[in-house]
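Below: one structure, written as structure tokens.
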Amino acid sequence: MPKVQGYSFDTQHFIECGDEALEALREWRHTDRVNWIRIQGRPGVLWMRRYGEVLGLHPLAQEDILEGEQRPKMEPYDDHLFVVLNVPVLVHGRVVLRQLYISLHRNHLVTVFEGDRDPFDGIVRRLRQNGHDRLRRADLDYLFYALVDVAVDGAFPVLEQLDDQLEVLEENLIVNPDRRALGDIYRLRHDILLLRRSAWPQRETLGRLLREADEWIGETVRFYLRDCLDHAHQIADLLQTLADTSANLLDIYLSSASMRTNEIMRVLTVFATIFMPLTFIVGVYGMNFRHMPELEWRYGYPAVLGICLMIALGLLIWFRRKGWL
Amino acid sequence: MPKVQGYSFDTQHFIECGDEALEALREWRHTDRVNWIRIQGRPGVLWMRRYGEVLGLHPLAQEDILEGEQRPKMEPYDDHLFVVLNVPVLVHGRVVLRQLYISLHRNHLVTVFEGDRDPFDGIVRRLRQNGHDRLRRADLDYLFYALVDVAVDGAFPVLEQLDDQLEVLEENLIVNPDRRALGDIYRLRHDILLLRRSAWPQRETLGRLLREADEWIGETVRFYLRDCLDHAHQIADLLQTLADTSANLLDIYLSSASMRTNEIMRVLTVFATIFMPLTFIVGVYGMNFRHMPELEWRYGYPAVLGICLMIALGLLIWFRRKGWL
Amino acid sequence: MPKVQGYSFDTQHFIECGDEALEALREWRHTDRVNWIRIQGRPGVLWMRRYGEVLGLHPLAQEDILEGEQRPKMEPYDDHLFVVLNVPVLVHGRVVLRQLYISLHRNHLVTVFEGDRDPFDGIVRRLRQNGHDRLRRADLDYLFYALVDVAVDGAFPVLEQLDDQLEVLEENLIVNPDRRALGDIYRLRHDILLLRRSAWPQRETLGRLLREADEWIGETVRFYLRDCLDHAHQIADLLQTLADTSANLLDIYLSSASMRTNEIMRVLTVFATIFMPLTFIVGVYGMNFRHMPELEWRYGYPAVLGICLMIALGLLIWFRRKGWL
Amino acid sequence: MPKVQGYSFDTQHFIECGDEALEALREWRHTDRVNWIRIQGRPGVLWMRRYGEVLGLHPLAQEDILEGEQRPKMEPYDDHLFVVLNVPVLVHGRVVLRQLYISLHRNHLVTVFEGDRDPFDGIVRRLRQNGHDRLRRADLDYLFYALVDVAVDGAFPVLEQLDDQLEVLEENLIVNPDRRALGDIYRLRHDILLLRRSAWPQRETLGRLLREADEWIGETVRFYLRDCLDHAHQIADLLQTLADTSANLLDIYLSSASMRTNEIMRVLTVFATIFMPLTFIVGVYGMNFRHMPELEWRYGYPAVLGICLMIALGLLIWFRRKGWL
Amino acid sequence: MPKVQGYSFDTQHFIECGDEALEALREWRHTDRVNWIRIQGRPGVLWMRRYGEVLGLHPLAQEDILEGEQRPKMEPYDDHLFVVLNVPVLVHGRVVLRQLYISLHRNHLVTVFEGDRDPFDGIVRRLRQNGHDRLRRADLDYLFYALVDVAVDGAFPVLEQLDDQLEVLEENLIVNPDRRALGDIYRLRHDILLLRRSAWPQRETLGRLLREADEWIGETVRFYLRDCLDHAHQIADLLQTLADTSANLLDIYLSSASMRTNEIMRVLTVFATIFMPLTFIVGVYGMNFRHMPELEWRYGYPAVLGICLMIALGLLIWFRRKGWL
Ligand SMILES: [Mg+2]
Ligand SMILES: [Mg+2]
Ligand SMILES: [Mg+2]
Ligand SMILES: [Mg+2]
Ligand SMILES: [Mg+2]
Ligand SMILES: [Mg+2]
Ligand SMILES: [Mg+2]
Ligand SMILES: [Mg+2]
Ligand SMILES: [Mg+2]
Ligand SMILES: [Mg+2]
Ligand SMILES: [Mg+2]
Ligand SMILES: [Mg+2]
Ligand SMILES: [Mg+2]
Ligand SMILES: [Mg+2]
Ligand SMILES: [Mg+2]
Ligand SMILES: [Mg+2]
Ligand SMILES: [Mg+2]
Ligand SMILES: [Mg+2]
Ligand SMILES: [Mg+2]
Ligand SMILES: [Mg+2]
Ligand SMILES: [Mg+2]
Ligand SMILES: [Mg+2]
Ligand SMILES: [Mg+2]
Ligand SMILES: [Mg+2]
Ligand SMILES: [Mg+2]
Ligand SMILES: [Mg+2]
Ligand SMILES: [Mg+2]
Ligand SMILES: [Mg+2]
Ligand SMILES: [Mg+2]
Ligand SMILES: [Mg+2]
Ligand SMILES: [Mg+2]
């Protein structure tokens with residue numbers, strides 16, 4: 001069962017209650033106050049069948065909430081505006097997209113957050129403290145803006161964490177590419193692409209709110225929503241930069257590995273090409289033929305050592321000329 | 001010969017029949033009931049020549065059905081709206097796109113499904129059971145929506161299977177890249193790209209139905225079609241994510257293989273560069289020259305072993321400094 | 001000199017002639033019949049200077065035909081509509097794009113095909129056989145459609161061949177990547193990209209014919225041109241799929257090669273790291289030092305063999321633990 | 001100092017002069033003749049300060065000419081139309097983009113070409129020869145078209161050269177990839193991308209001339225400019241094909257190199273894995289232990305040779321089964 | 001605390017002051033002079049709370065300045081036009097994007113530059129020197145243009161530096177790819193992509209200024225802003241070219257490394273395959289079997305050397321045929 005909280009306020013009053021808000025709403029709705037039903041946790045089918053109508057949600061909006069995993073969108077219905085936003089959170093270092101549903105009605109507003117804790121504690125605190133806060137003085141559409149603003153800006157700390165992780169990878173990448181790092185890049189890149197995919201419709205949703213929701217959102221609040229759209233642009237830009245950087249990283253990683261193979265091969269080749277001829281030569285004079293005149297020579301042994309030295313030096317010079325040393 | 005079923009219903013009546021529906025349609029058409037001719041299996045040329053006109057299909061629509069392999073599209077003709085959708089199904093683990101043709105006329109609706117079993121059994125069950133089901137109470141356009149909805153949502157289970165397969169590959173990829181996995185990635189990626197290619201015109205078709213088909217689809221049903229379009233967006237998004245993930249996987253796979261080559265080379269190089277000089281040295285003292293004073297030395301043998309040990313240690317230290325050990 | 005054929009027909013009459021058609025056209029033009037001048041082979045400058053005006057071609061249209069290698073386009077002039085299409089043909093297994101020029105005038109139509117044989121033999125056969133064929137009954141714009149239809153659909157058999165070739169490559173790719181296959185992929189991919197590049201303006205040309213040529217093409221024929229556009233979409237989709245598949249193939253190819261290198265290296269490394277220490281050891285006891293006490297031992301020889309065996313086994317166990325065996 | 005030439009003509013007259021044209025223009029401007037000031041070489045600041053106003057160039061147009069390195073664009077000013085085009089030329093086999101500025105005024109036209117020799121010698125020859133040439137009979141806008149046409153078509157020979165170079169690389173690529181070829185591909189690809197980058201705004205400039213310059217260009221000349229736009233499309237298409245082909249080439253190149261490494265490794269591995277065990281075995285019987293009973297055997301030597309042969313054959317059979325031979 | 005300077009001028013007067021400008025502005029605002037408040041360094045929250053209103057900045061504009069890291073944008077408010085531009089600067093060879101905020105009010109203009117030194121010293125010098133300079137004679141919107149122009153053109157020197165760095169990398173890339181170069185490419189490419197990401201919204205901002213800011217910018221100044229937009233296009237083009245070139249470089253780099261590995265492998269393989277059989281043969285005749293008849297032969301030794309020579313020559317010929325030498 002989801003957790004329900006209800007707030008009904010104007011500059012003079014501030015009423016706050018729990019589950020009973022769903023009943024109180026029938027009455028609040030006819031006052032001049034701003035009314036907000038805040039739901040945390042995903043509702044089940046039975047819950048929705050019971051309260052969906054009281055909240056004023058169209059059957060298709062109810063279905064979306066029950067299904068979950070919606071992409072960001074804005075859908076005007078006859079008597080309410082239904083908005084879906086994605087709020088990225090980090091769970092054990094991996095990105096998870098949480099759904100936020102905001103339904104803006106003529107005289108009340110419903111938020112449903114898919115996870116345990118929506119990001120609106122700060123707003124409630126502002127509402128409670130002070131009758132002169134802009135939120136207490138303003139209309140329903142300003143509350144709507146404030147909620148959207150918090151939801152959109154929730155992406156920034158997540159992006160910063162991803163950026164930090166990328167930078168750590170970046171640092172020890174060229175120096176020492178190993179296989180564990182590969183898995184890290186893969187996971188990071190997966191999360192970045194996932195976020196980027198959701199940032200585009202989020203941006204579009206905000207753009208449409210600005211252009212098409214004038215039935216629901218007043219002129220003055222629209223300046224504020226433009227700021228949200230601007231932040232959505234910033235987020236999409238940042239994600240594109242992170243995606244580029246991670247692709248870049250992968251390319252560099254690959255190059256760095258093949259560069260190391262190269263160096264290793266060079267060492268192997270230098271050693272092998274020097275010692276193989278020498279080993280052959282000493283092998284020759286290790287043969288047991290009866291008739292091998294060199295074996296009897298007085299300076300045969302130092303001569304062979306000298307030849308070996310000369311071959312080794314010759315090959316070293318050749319390698320140096322090739323730039324392998 | 002395709003399998004034909006006919007349904008003619010309103011809240012009071014529910015008539016269901018087989019092949020004879022094609023004849024009955026001439027009469028049904030003039031009643032106030034909702035009439036649906038449901039065809040499963042691809043019709044042949046003779047069949048179409050015989051029944052195409054009764055069904056009210058334009059020659060070009062008939063041709064499309066006979067040809068098969070159409071891309072999703074919506075084509076208004078003078079007296080009917082012709083819609084082609086693609087329904088992905090899994091056959092032996094590979095994706096196959098089945099064609100669904102829906103032709104919406106003034107007073108009847110025709111569906112043709114290319115495969116053995118269209119996905120509409122659930123809808124027929126709802127129709128049969130209950131005179132108060134929304135489908136029995138509503139108009140032809142709501143039946144049209146219900147069919148499109150089922151067809152579009154048919155992609156979700158297929159996508160989930162592909163996603164699961166990707167995840168399995170993902171897990172044992174970095175640990176142990178082998179050549180069979182390559183073939184799996186290739187096949188999976190092929191299917192994902194195929195689906196993605198068909199998801200785009202499907203989405204466009206639904207968008208055009210929403211914008212351009214107001215002659216055929218009423219205002220209230222349009223809210224419901226918007227939900228189908230939303231699902232088509234979700235499907236296209238999911239496919240893009242799968243495509244990105246599979247590209248990502250391939251890059252990682254390649255990197256992982258070259259990383260392993262690297263490690264293998266390092267082992268080989270360390271062994272070879274240590275033992276080649278040593279083998280040379282012992283080869284030297286295996287030569288049979290008469291005059292090799294070292295051979296007579298009391299401690300010649302342990303001296304050589306000592307030199308070998310020192311060379312080996314020296315090289316090991318050098319490799320450790322290079323970070324190869 | 002290009003081959004010229006002329007056709008002038010209605011339901012009652014069917015006149016067919018050769019080069020003299022160019023003269024006859026002056027008169028045909030003033031009848032109510034449908035008149036078609038069909039030219040196969042690229043005209044030269046002199047030919048064009050002589051007949052260009054009779055045919056009614058604007059100087060810029062003449063220039064395009066003389067130049068050849070035009071991209072698909074539609075250009076309305078004051079008194080005729082000039083259309084360029086690309087017809088892909090296979091010559092010795094490689095794709096070649098042949099130009100087709102169709103010029104639709106008030107009362108006649110000119111086709112110029114760049115190659116030896118245009119794809120219109122089937123249409124002429126239909127014209128000759130039967131006064132009741134739709135082509136004989138209909139107007140100039142329907143003939144125009146029929147020609148465009150044949151030209152557009154000419155791409156399908158070519159695409160199928162390319163697809164078959166891709167599939168053959170695909171099959172023995174992962175199993176056995178060799179260098180000849182690389183050349184095949186390269187050539188195939190080159191042809192696919194070439195075709196794709198021409199499919200886009202072709203599609204655009206048909207779209208513009210549908211939207212902008214209502215001065216030349218009647219309402220009923222426009223349904224039929226929409227079918228051509230649909231086929232052009234299908235062709236562009238297929239080409240994109242082929243392009244994706246071939247890119248995919250190349251990536252797999254590359255990965256497969258590096259995977260094989262990997263396996264080969266593993267075998268080499270296992271052999272080398274086992275035998276190099278052993279060869280060193282037996283080299284030690286092949287030295288000719290006078291004072292090597294082990295040589296005198298009773299069980300020196302089997303001890304050395306035993307040590308060799310133990311080293312080999314130890315390394316094999318180590319490799320198995322590393323997963324290299 | 002740039003080289004200045006002036007032409008003032010109609011069907012009857014043809015006046016041609018040098019630097020003095022800048023003065024004559026003040027008077028020519030008030031005649032009914034077509035007046036063209038042709039400047040070759042980039043003007044300096046002083047020159048421009050002195051003559052810019054006589055030529056009728058807006059300060060911003062003057063600045064563009066002085067700066068150089070402009071991208072193709074079309075800019076209408078109050079009293080003239082200023083057009084910048086890029087003309088690619090080959091200098092020592094590398095592509096260089098030369099700027100061409102065309103300024104179309106009410107009654108005169110100015111061309112400034114950044115390099116030593118603009119591509120307009122052919123046009124001047126046509127003007128000189130014949131009072132009945134279309135250029136002599138037509139208006140200022142037709143001269144404008146003729147100049148643009150020559151400038152746009154100047155790209156074709158450059159593209160053909162690049163295509164030829166690509167084909168040469170293509171031929172010996174798969175057979176024998178070496179490092180010099182890499183540098184060639186890099187340079188070629190750099191030039192192709194540079195050209196492609198400039199072809200896009202060039203095409204856009206011509207499109208805008210067609211759509212937005214009706215104040216300056218008459219209806220009949222617009223058919224001709226459409227031909228220029230068509231060529232600009234062809235050029236952009238060709239460049240895209242060249243870019244694709246060169247990317248393709250690079251991928252193949254890389255694959256080919258890794259394929260060769262593969263083959264080389266195979267040879268090495270086959271040799272090494274056969275000879276290393278054999279060398280070990282003969283090393284064993286080269287040891288000097290006193291007690292090695294095999295050494296005394298009558299058929300010890302041929303037995304060892306036989307064992308060596310069997311090991312070699314066994315490994316060869318194994319390699320053949322693995323497909324490495 | 002940011003550094004504040006104020007300028008108030010017309011052709012007759014030129015007033016310049018420091019922090020006191022913030023107070024003077026209240027009065028200046030009501031004169032006919034052009035008034036510019038120039039702020040260098042990022043303001044803090046307290047500073048903004050104190051002076052934000054005097055400067056006439058909307059709370060959201062104030063917030064943007066306080067936050068920093070804005071993307072380029074243009075936002076009209078009721079009584080001022082707020083523009084954000086990015087000015088790239090090089091700090092220790094790496095690109096850093098500095099924010100420039102320009103706020104254009106009815107009768108004054110505010111610039112805030114995030115860094116220590118904005119790029120406007122040259123403009124102030126022109127203002128001080130000469131009452132007849134265009135800047136002194138013109139209106140507020142021309143000053144606005146002049147500031148935007150300087151800010152946009154600030155990217156050119158940075159781009160040139162990046163281009164030079166790319167060229168240096170390019171030169172020693174094919175010859176000698178090493179691992180340090182990889183890090184350089186990575187860093188360079190990171191900076192180029194970062195700049196490119198900011199160049200797109202910058203260009204869009206200038207385009208919107210041209211199209212949508214006619215309430216703030218007069219017709220004549222709009223010609224000049226078109227020139228800024230043109231430069232923004234040039235910058236975006238250059239960045240795309242740099243991005244392409246750096247991607248190209250990376251591909252070449254990778255290819256070059258694998259080509260070198262190839263060459264190294266070839267040398268190793270040639271040496272190893274020649275010397276391994278030879279070493280085996282001489283090992284055979286180093287065995288100590290009692291019964292080895294060849295050892296007793298008169299010409300056994302030279303025969304073995306001859307066989308070795310023939311094997312070596314045979315292999316060399318084989319390698320040459322394979323093209324490995
Ligand atoms: Mg839904
Ligand atoms: Mg879902
Ligand atoms: Mg915000
Ligand atoms: Mg904010
Ligand atoms: Mg970073
Ligand atoms: Mg890449
Ligand atoms: Mg069709
Ligand atoms: Mg088909
Ligand atoms: Mg659905
Ligand atoms: Mg549903
Ligand atoms: Mg996943
Ligand atoms: Mg890739
Ligand atoms: Mg042309
Ligand atoms: Mg041409
Ligand atoms: Mg067709
Ligand atoms: Mg057809
Ligand atoms: Mg296939
Ligand atoms: Mg790729
Ligand atoms: Mg300029
Ligand atoms: Mg410049
Ligand atoms: Mg031309
Ligand atoms: Mg021409
Ligand atoms: Mg070619
Ligand atoms: Mg080619
Ligand atoms: Mg690439
Ligand atoms: Mg690539
Ligand atoms: Mg902001
Ligand atoms: Mg920020
Ligand atoms: Mg500028
Ligand atoms: Mg300037
Ligand atoms: Mg350069």
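This one's a predicted model, so the numbers in the text were calculated from it and none came from an experiment. Every chain is numbered from 1 and lettered A, B, ... according to where its sequence line falls, protein lines coming before strand lines.
- Open room surrounds CZ on A:R49; 12 or fewer heavy atoms of other groups in view lie less than 6.0 Å from it.
- Distance NE2/A:H105 to CG/A:L55: 7.0 Å, rounded to 0.5 Å.
- Heavy atoms closer than 4.5 Å to chain A are found in the side chain of B:Y285, but not in its backbone.
- Remark: of the listed residues A:E67, A:E69, A:R71, A:Q70, A:Q70 is the sole one forming a side-chain hydrogen bond (donor to acceptor under 3.5 Å, both in side chains) with B:Q234.
- For the pair B:R226 and A:Y77, the distance from NZ or CZ to the six-membered ring centre is under 6.0 Å and the angle to the ring normal is within 45 degrees.
- Atom CG in A:L316 sits 13.0 Å away from atom CH2 in A:W324 (nearest 0.5 Å).
- Within the 4.5 angstrom heavy-atom criterion, only side-chain atoms of A:L193, from C-beta onward, approach chain B.
- Of the residues considered (A:L278, A:T279, A:L194), A:L278 shows the highest number of contacts with chain B, using heavy-atom pairs under 4.5 Å.
- Between chain A and the options B:K322, B:M292, B:E263, the largest number of non-hydrogen pairs under 4.5 Å is found for B:M292.
- Neither the backbone nor the side chain of A:I274 comes within less than 4.5 Å of any heavy atom in chain B.
- In this structure a side-chain-to-backbone donor-acceptor pair under 3.5 Å is present from A:Q62 to A:L57.
- Each of B:D244, B:N262, B:V270 has some count of heavy-atom pairs under 4.5 Å with chain A, and the biggest count is that of B:N262.
- Both the backbone and the side chain of A:P76 come within contact range of chain B, each with at least one heavy atom under 4.5 Å from a heavy atom of that chain.
- In this structure, the portions of A:D78 lying under 4.5 Å from any heavy atom of chain B include both its backbone and its side chain.
- Neither the backbone nor the side chain of B:I281 comes within less than 4.5 Å of any heavy atom of chain A.
- Residue contact with chain B, scored on non-hydrogen atoms closer than 4.5 Å, is absent for A:Y299.
- Distance check, rounded to the nearest 0.5 Å: CG of B:D163 to CG of B:L188 gives 9.5 Å.
- Among B:G283, B:P277, B:G286, the residue with the largest count of heavy-atom pairs under 4.5 Å with chain A is B:P277.
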Mind running ring pair (Phe, Tyr, Trp, His ring centres under 6.0 Å) on A:H58 and B:F223 for me, showing each step along the way? CA-CA 10 Å; A:H58 188 278; B:F223 277 141; 5.7 Å; yes

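- Neither the backbone nor the side chain of A:V284 comes within less than 4.5 Å of any heavy atom of chain B.
- If you measure heavy-atom distances from A:M287 to chain B, the contacts under 4.5 Å come from the backbone alone.
- With rounding to the nearest 0.5 angstrom, the CD atom of A:Q99 is 8.0 Å from the CZ atom of A:R42.
- Contact annotation for A:W200: neither backbone nor side-chain heavy atoms come within less than 4.5 Å of a heavy atom of chain B.
- Within the 4.5 angstrom heavy-atom criterion, no atom of B:E219 approaches chain A.
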